[in-house]
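The structure under discussion appears below in the form of structure tokens.
Just so it is clear: chains get the letters A, B, ... in the order the sequence lines come, proteins before strands, and each one is counted from 1. Predicted model only: the values in this text are computed from it and were never measured.
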Number of protein chains: 2
Amino acid sequence: MLGNVTEPLDPEMFAGCHESPPLIRIGDKWTAKIIRCLESGPRRFSELQVPLRGINPKVLTSTLRAMERDGLVSRTAYPEVPPRVEYALTPLGRSLREPMAACCAWSAAHLPDVMESREAAYQPARRASA
Amino acid sequence: MLGNVTEPLDPEMFAGCHESPPLIRIGDKWTAKIIRCLESGPRRFSELQVPLRGINPKVLTSTLRAMERDGLVSRTAYPEVPPRVEYALTPLGRSLREPMAACCAWSAAHLPDVMESREAAYQPARRASA
DNA sequence: CCGAATCCTCCTGGATACTG
DNA sequence: CAGTATCCAGGAGGATTCGG
């Protein structure tokens, strides 16, 4: 015996994961979308605002800054007037497309199941009440 | 021309993604960990609390309920006393291990790079100031 | 044009205490 | 044991305005 079932869970199985970095910053609202926007090449600040539905500048800035700190994007400011700034994916940022693709594939394959299950949960026992 | 670079971004590229379901509920704090806890077989409520560092019951309950609504876990209550409830992964929930594995693989491969970049960002131009 | 500064709202997650 | 009921703090995200 001692298969992989029903042994006690290791209390330390997430030992290093509780306080340490929370799975990077991909889980937030905008990072993944920005990455997709940059896949086709460098983009300007205002260019990014368009598909992001006019995301307000503070949020876009803070998201981009965080991505820059993590080495996912590079920021290039051209000393012109009016100013021009371009954001581009770094190799590290580009490497994120793989796990992102895996997540997208899962969504494409199983999102209908989730939606179905979710809707079914909102029908509280049709048979018993009616 | 018309390569895949520097064409204007499609303003509707996230058309269906803004209001609709936000990439399921995997991005939250506990769902992924719960899935990992359930990989080895069904677990009881209190069993889950252990590796989750004594997560408070309200949060665990709400997370599990959400996962149940989405069809990721099943909940089985045994009519005994004292009560016993077991949570188990559904096939749908188990299918999430694939994208999760892709994300874990990325972390394992690139987290050092991220940390390095992050630390470098906290050293504000050593050369210029000293 | 690219942000910085300010203020605000909501929601996640948490602490604690109590019940069937 | 397996939750529910309150109350609460913090932070992400947003609206708006102003500056270089």
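Remark: A:Val50 engages B:Pro11 in a side chain to side chain contact (heavy atoms under 4.5 Å, CB included) (not counting sequence neighbours). Legend: residues meeting salt bridge (charged side-chain N to carboxylate O under 4.0 Å, His left out) with B:Arg84, ordered by chain and number and at least two apart, are B:Glu80, B:Glu86. Taking A:Glu47 as the reference, A:Arg43 meet the salt bridge (charged side-chain N to carboxylate O under 4.0 Å, His left out) condition, with sequence neighbours excluded. Among residues two or more places apart in sequence or in another chain, the side chain to side chain contact (heavy atoms under 4.5 Å, CB included) test is passed with A:Ser95 by A:Leu92, B:Trp106, B:His110.
No option in B:Leu96, B:Ile35, B:Leu72 other than B:Ile35 meets the side-chain contact (heavy atoms from CB on, under 4.5 Å) test with B:Leu89.
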Detail all sub-3.5 Å separations between protein N/O atoms and N/O atoms belonging to nucleotides 1-4 of chain C.
residue : atom : partner : partner atom : Å
C:dC1   : O3'  : A:Arg44 : NH2          : 3.2
C:dC2   : OP1  : A:Arg44 : NE           : 3.2
C:dC2   : OP1  : A:Arg44 : NH2          : 3.4
C:dC2   : OP2  : A:Ser46 : N            : 3.1
C:dC2   : OP2  : A:Ser46 : OG           : 2.6
C:dG3   : OP1  : A:Arg75 : NE           : 3.3
C:dG3   : OP1  : A:Arg75 : NH2          : 2.3
C:dG3   : OP2  : A:Tyr87 : OH           : 2.6
C:dA4   : OP1  : A:Arg65 : NH2          : 2.9

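A:Arg75 has its side chain out of reach of A:Leu64: every pair of non-hydrogen atoms, C-beta onward, lies at least 4.5 Å apart. With contacts defined as side-chain heavy-atom distances shorter than 4.5 Å, the pair A:Leu38/A:Leu48 qualifies.
Note on the helix from C:dC1-D:dG20 to C:dG20-D:dC1: terminal axis deviation equals 40°, with five pairs used at each end and the result rounded to 10°.
Side-chain atoms of B:Thr90 come within 3.5 Å of backbone N or O of B:Gly71 as a donor-acceptor pair.
For the pair B:Leu60 CG and D:dT4 P, the interatomic distance rounds to 11 Å; values are reported in whole Å. Computed from coordinates, the A:Ile34 CD1 to D:dG13 P distance equals 10 Å when rounded to whole Å. The NZ-C1' distance, from A:Lys29 to C:dC10, rounds to 11 Å in whole Å. Here the P atom of nucleotide D:dC7 and the CG atom of B:Asn56 are 16 Å apart, to the nearest Å. Atom P of nucleotide C:dC10 and atom CG of A:Asp28 are separated by 21 Å, given to the nearest angstrom. Taking atom CD on B:Glu86 and atom C1' on D:dA2, their separation rounds to 13 Å, with Å as the unit.
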